[in-house]
Amino acid sequence: QVQLVESGGGLVQPGGSLRLSCAASGSIISIRTMGWYRQAPGKQRELVATISSSGSTNYADSVKGRFTISRDNAKNTEYLQMNSLKPEDTAVYYCNAEITISPHGISYTAGYWGQGTQVTVSP
């Protein structure tokens with residue numbers, strides 16, 4: 001079994017900062033791309049940022065220059081540093097990871113999601 005556990009969400013004023021964490025646990029062989037997505041009320045889930053196993057990053061235009069994604073491969077953990085937060089960043093943030101496991105001696109890779117953490121940006 002694989003679990004992704006998120007932490008770090010909360011309420012912050014416009015212009016403030018938050019740091020989200022997502023730790024993967026279980027019988028993990030390796031982790032490929034990790035990412036963050038968000039879903040605001042009444043809207044579809046959208047990509048925020050991704051990071052490859054080698055550290056290459058990709059960001060949505062709406063967060064470029066304000067958010068930074070990073071990962072600690074030794075800890076199977078990814079982070080999202082969010083600065084200069086705006087009310088439109090308010091959403092539930094989900095982490096995602098492509099994880100390789102080998103439960104019965106046969107390896108396969110699948111995508112896993114965290115439970116989501118609420119980020120609210122409001123005066």
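Computed from a predicted model, the values in this text were never measured in an experiment.
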request  = Could you name each residue pair satisfying disulfide bond (SG atoms under 2.5 Å apart) that touches residues 80-123, not counting sequence neighbours?
outcome  = C22-C95
task = Specify the closest pair of heavy atoms between A97 and L4, including all atoms of both residues, with the distance to one decimal.
result = N-CD1, 3.9 Å
request  = To the nearest 0.5 Å, tell me how far R71 CZ sits from I51 CD1.
outcome  = 6.0 Å
key: Q13 atom CD: more than 12 heavy-atom contacts under 6.0 Å   = no
query = For the atom pair CZ (F67) and OH (Y93), what is the distance rounded to the nearest 0.5 Å?
reply = 4.0 Å
ask   = Just wondering, are more than 12 heavy atoms of other shown residues or ligands nearer than 6.0 Å to CD in Q39?
value = yes
task = May I have the step-by-step check of side chain to side chain contact (heavy atoms under 4.5 Å, CB included) for I29 and T109, ending in yes or no?
result = CA-CA 9 Å; I29 303 298; T109 302; over 6 Å; no
remark   = Interatomic distance, CD1@I99 vs OH@Y108, rounded to 0.5 Å, equals 11.0 Å
inquiry  = Could you walk me through whether T68 and T57 satisfy the side chain to side chain contact (heavy atoms under 4.5 Å, CB included) test, starting with their C-alpha distance in whole Å, then the side-chain angles of each, then the deciding distance to 0.1 Å, before giving a yes or no?
reply    = CA-CA 9 Å; T68 302; T57 58; over 6 Å; no
ask   = Any side-chain heavy-atom pair from P14 and P87 closer than 4.5 angstrom?
value = yes
ask   = Going hydrophobic residue to hydrophobic residue with side-chain gaps under 4.5 angstrom, can you get from L80 over to V92?
value = no
Inter- and intrachain pairs under salt bridge (charged side-chain N to carboxylate O under 4.0 Å, His left out), touching residues 44-68, at least two apart = R38-E46, D61-K64, R66-D89
request  = Could you walk me through whether M82 and V119 pass the side chain to side chain contact (heavy atoms under 4.5 Å, CB included) test, one step at a time?
outcome  = CA-CA 10 Å; M82 304 185 293; V119 171; 3.9 Å; yes
query = Should I69 and V48 be marked as a side chain to side chain contact (heavy atoms under 4.5 Å, CB included) after you check the CA-CA gap, both sets of side-chain angles, and the distance that decides it?
reply = CA-CA 9 Å; I69 188 171; V48 176; over 6 Å; no
message = Are Y37 and W113, when compared by the centres of their aromatic rings, separated by less than 6.0 Å?
response = yes
inquiry  = When you compare the side chain of L20 with that of Y79, does any pair of heavy atoms fall below 4.5 Å?
reply    = no
request  = For T77 and K75, indicate whether the former's side chain and the latter's backbone hold a donor-acceptor pair under 3.5 Å.
outcome  = yes
ask   = Can you check whether Y112's main-chain N or O pairs, donor with acceptor, with N96's side chain at less than 3.5 Å?
value = yes
query = What heavy-atom pair brings G114 and Y94 nearest, and what distance separates the two atoms?
reply = O-CD2, 3.7 Å
request  = Go through the side-chain N and O atoms of T33 and T50 and say whether any donor and acceptor fall under 3.5 Å apart.
outcome  = no
request  = Give a yes or no answer on whether the side chain of R19 reaches the backbone of G9 with a donor-acceptor pair at less than 3.5 Å.
outcome  = no
Residue pairs involving residues 114-123 (criterion side chain to side chain donor-acceptor pair (under 3.5 Å); sequence neighbours excluded) = Q118-T120
request  = Mind checking the CG-CD1 spacing from N76 to I31? Nearest 0.5 Å is all I need.
outcome  = 4.0 Å
message = Quiz question: by atom type and distance under 3.5 Å, do the side chains of N83 and S17 form a donor-acceptor pair?
response = yes
